[in-house]
Chemist: 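Shown below is the structure under consideration.
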Number of protein chains: 2
Amino acid sequence: MAKRSGPHTLNQLVVERLMHYYHLVADQIESHASGHVSSAQIAQLLEMDDTLVRKDLAAIGVRGRPRVGFSTAELMGAIRETLGFNERYRSIIIGAGRLGGAIASYGGFGKYGLDIVALFDSDPARVGQTLGGVAIHPIESLNAIVREHRVHLAVLTVPADAAQGLAELLVGAGIQAIWNFAPRSLVVPSNVFVRHEHISVGLAELAYYLKRSGARP
Amino acid sequence: MAKRSGPHTLNQLVVERLMHYYHLVADQIESHASGHVSSAQIAQLLEMDDTLVRKDLAAIGVRGRPRVGFSTAELMGAIRETLGFNERYRSIIIGAGRLGGAIASYGGFGKYGLDIVALFDSDPARVGQTLGGVAIHPIESLNAIVREHRVHLAVLTVPADAAQGLAELLVGAGIQAIWNFAPRSLVVPSNVFVRHEHISVGLAELAYYLKRSGARP
DNA sequence: TAGATTGTTAATCGATTAACAATC
DNA sequence: TAGATTGTTAATCGATTAACAATC
């Protein structure tokens with residue numbers, strides 16, 4: 001039943017590397033280049049093996065030219081298309097605190113296909129205000145707004161204790177994917193996709209580094 | 001030259017899994033338990049193989065008892081000790097915007113050994129204010145405060161364009177580790193440890209899921 | 001005791017890297 | 001052309017899982 005040609009499913013490691021290639025080429029290479037980049041250039045900057053770069057690009061159908069490399073435009077276009085950046089997906093942010101506000105006002109997610117259409121907060125004092133140009137609504141309006149805007153994704157930026165309850169409201173409202181910034185695991189039906197940003201895992205790595213490096217506490 | 005006993009260096013995957021065990025046992029198991037947890041319990045909740053849990057715990061010197069499992073207190077203590085949560089490391093936050101403010105006022109990092117001693121911002125209107133009980137200083141005070149408090153870690157929460165320049169100031173001030181939330185790679189000397197939180201990599205995974213799931217944009 | 005669970009070695013699996021012919 | 005670089009197969013490496021004796 002699998003399709004014969006084209007990538008069928010990329011694993012998470014490949015998706016992450018593609019995103020790194022995309023950033024790298026967008027930020028550091030495209031501007032001052034001949035319009036082409038070699039796998040060795042990318043590999044050196046990302047401290048990886050060039051064969052792996054070629055394999056990843058082959059997996060999404062990007063063909064290079066011997067002695068020339070890969071077209072940066074084609075490479076970026078293929079990554080955008082593969083990862084879905086050319087679609088428009090609508091999202092809401094649950095929790096209009098500092099973190100929710102930071103995400104709402106960042107403005108950098110639009111280029112990855114994400115439109116933020118509403119914020120929600122349980123604090124009546126915040127309802128009616130705007131953050132980053134996005135209006136703050138009461139939780140009671142969740143179902144109506146999700147239906148009206150056909151929202152795909154919810155960004156969860158609430159305290160740990162509130163996370164599971166709100167996740168259940170989101171599932172009830174028909175949300176298909178949750179980007180969870182709350183430091184708490186969520187239990188949701190298997191048809192709902194959850195990406196949990198474990199910020200404190202990064203802190204663990206730093207603490208471990210400091211301890212091992214002999215930093216004097 | 002390597003020490004004979006005890007873990008010498010854990011790789012990043014192990015460190016991350018240890019943090020997941022720690023969270024799981026702290027949040028979901030310790031409270032309603034006999035004081036013990038089996039590798040199979042942990043493995044089931046984290047959707048992994050129980051052998052791997054035992055191997056990770058063995059690597060940090062935690063011994064279990066057949067038919068009983070692992071002492072939750074001993075397990076958590078060993079993880080805390082291994083990852084350095086029992087030390088006190090001092091940090092500063094560069095960028096007192098919404099994200100920096102969210103981190104300063106979160107208050108949940110103290111239990112991992114991290115004390116936030118100062119915020120910095122280039123906006124004179126913010127200097128002198130406090131966020132989460134932490135005072136905001138001008139960048140000019142960086143060297144003095146780093147020296148005075150013997151700061152180990154800097155959390156970088158500034159716009160992409162400002163990140164590299166500030167990273168260089170941090171290196172100059174003697175910072176040993178940078179937790180980078182700016183969406184830009186940093187170039188620093190090899191003796192400075194950088195953990196880059198690539199938030200948009202998470203977005204890439206979500207966008208790819210939505211595209212593949214057939215969500216109508 | 002019987003049997004649940006650990007601890008550890010061996011086997012497997014999957015991801016990365018090496019090798020090298022093809023190509024422009 | 002010569003040679004830099006791709007594309008791809010084979011080899012390697014490291015992480016995970018299976019197997020199972022030890023143990024409480």
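Quick note on labels: first sequence line is chain A, next is B, and so on, each numbered from 1.
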Chemist: Tell me the interatomic distance from Leu13(B), atom CG, to dC13(D), atom P, rounded to whole angstroms.
Modeler: 19 Å
Chemist: Rounded to whole Å, please give me the gap between CD in Glu47(B) and C1' in dT16(D).
Modeler: 16 Å
Chemist: Atom CZ of Phe70(B) to atom C1' of dT23(D): distance rounded to whole Å?
Modeler: 13 Å
Chemist: With sequence neighbours left out, write down each residue that passes side chain to side chain donor-acceptor pair (under 3.5 Å) with Arg90(A), or none if nothing qualifies.
Modeler: none
Chemist: Tell me whether the side-chain N/O atoms of Ser39(B) come closer than 4.0 Å to OP1 or OP2 in dT6(C).
Modeler: yes
Chemist: In terms of relative ring orientation, are Tyr106(B) and Phe109(B) parallel, tilted or perpendicular, with 30° and 60° separating the classes?
Modeler: perpendicular
Chemist: Name the one of Leu142(B), Leu170(B), Val117(B), Asp115(B) that satisfies side chain to side chain contact (heavy atoms under 4.5 Å, CB included) with Val151(B)?
Modeler: Val117(B)
Chemist: dA22(C), OP1 or OP2 - any side-chain N/O from Arg54(A) closer than 4.0 Å?
Modeler: no
Chemist: Specify the separation, in whole Å, of atom CG of Leu52(A) and atom P of dA18(C).
Modeler: 12 Å
Chemist: So what does Thr51(A) hit on the nucleic acid, given a heavy-atom distance under 4.0 Å: a base, only sugar-phosphate, or nothing?
Modeler: base
Chemist: With a cut-off of less than 4.0 Å, is there a side-chain N or O of Arg63(A) near OP1 or OP2 of dG7(D)?
Modeler: yes
Chemist: At under 4.0 Å, does any side-chain N or O of Arg17(A) touch on OP1 or OP2 of dT16(C)?
Modeler: yes
Chemist: How close or far is atom C1' of dT17(C) from atom CG of Asp50(A), stated in whole angstroms?
Modeler: 9 Å
Chemist: Find the distance Asp56(A):CG to dT6(D):C1' and express it as a whole number of Å.
Modeler: 15 Å
Chemist: Could you check Met48(A) against Arg65(A) and say which one's nearest nucleotide on DNA chain C is further toward the 5' end?
Modeler: Met48(A)
Chemist: Could you write out DNA chain C as dot-bracket? Rules: Watson-Crick or G-U wobble, both distances under 3.5 Å, brackets [ ] for crossings, | for pairs with another strand, dot for unpaired.
Modeler: ..||||||||||||||||||||||
Chemist: Do the side chain of Lys55(B) and the base of dT6(C) come within less than 3.5 angstrom through a donor-acceptor pair of N or O atoms?
Modeler: no
Chemist: Rounding to an integer number of Å, can you tell me how far Asp49(A) CG sits from dG7(D) C1'?
Modeler: 14 Å
Chemist: Using the side chain to side chain contact (heavy atoms under 4.5 Å, CB included) definition, which of the options Ile42(A), Leu45(A), Val37(A) pairs with Tyr21(A)?
Modeler: Ile42(A)
Chemist: Among Val14(A), Val15(A), Thr9(A), which residue meets the side chain to side chain contact (heavy atoms under 4.5 Å, CB included) test with Asn11(A)?
Modeler: Val14(A)
Chemist: When you get a sec, tell me which of dT23(C), dA18(D), dT17(C) is the closest nucleotide to the side chain of Pro66(A)?
Modeler: dT23(C)
Chemist: Are any non-hydrogen side-chain atoms of Leu57(A) and Val53(A) less than 4.5 angstrom apart?
Modeler: yes
Chemist: Could you check whether Asn11(B) gets within reach of a base, just the sugar-phosphate, or nothing at all, counting any heavy atom under 4.0 Å?
Modeler: sugar-phosphate
Chemist: Within a strict 4.5 Å, meaning less than it, do heavy atoms of the His20(A) and Met48(A) side chains meet?
Modeler: no
Chemist: Taking NE2 from His36(A) and P from dC24(C), how many angstroms apart are they, rounded to a whole number?
Modeler: 13 Å
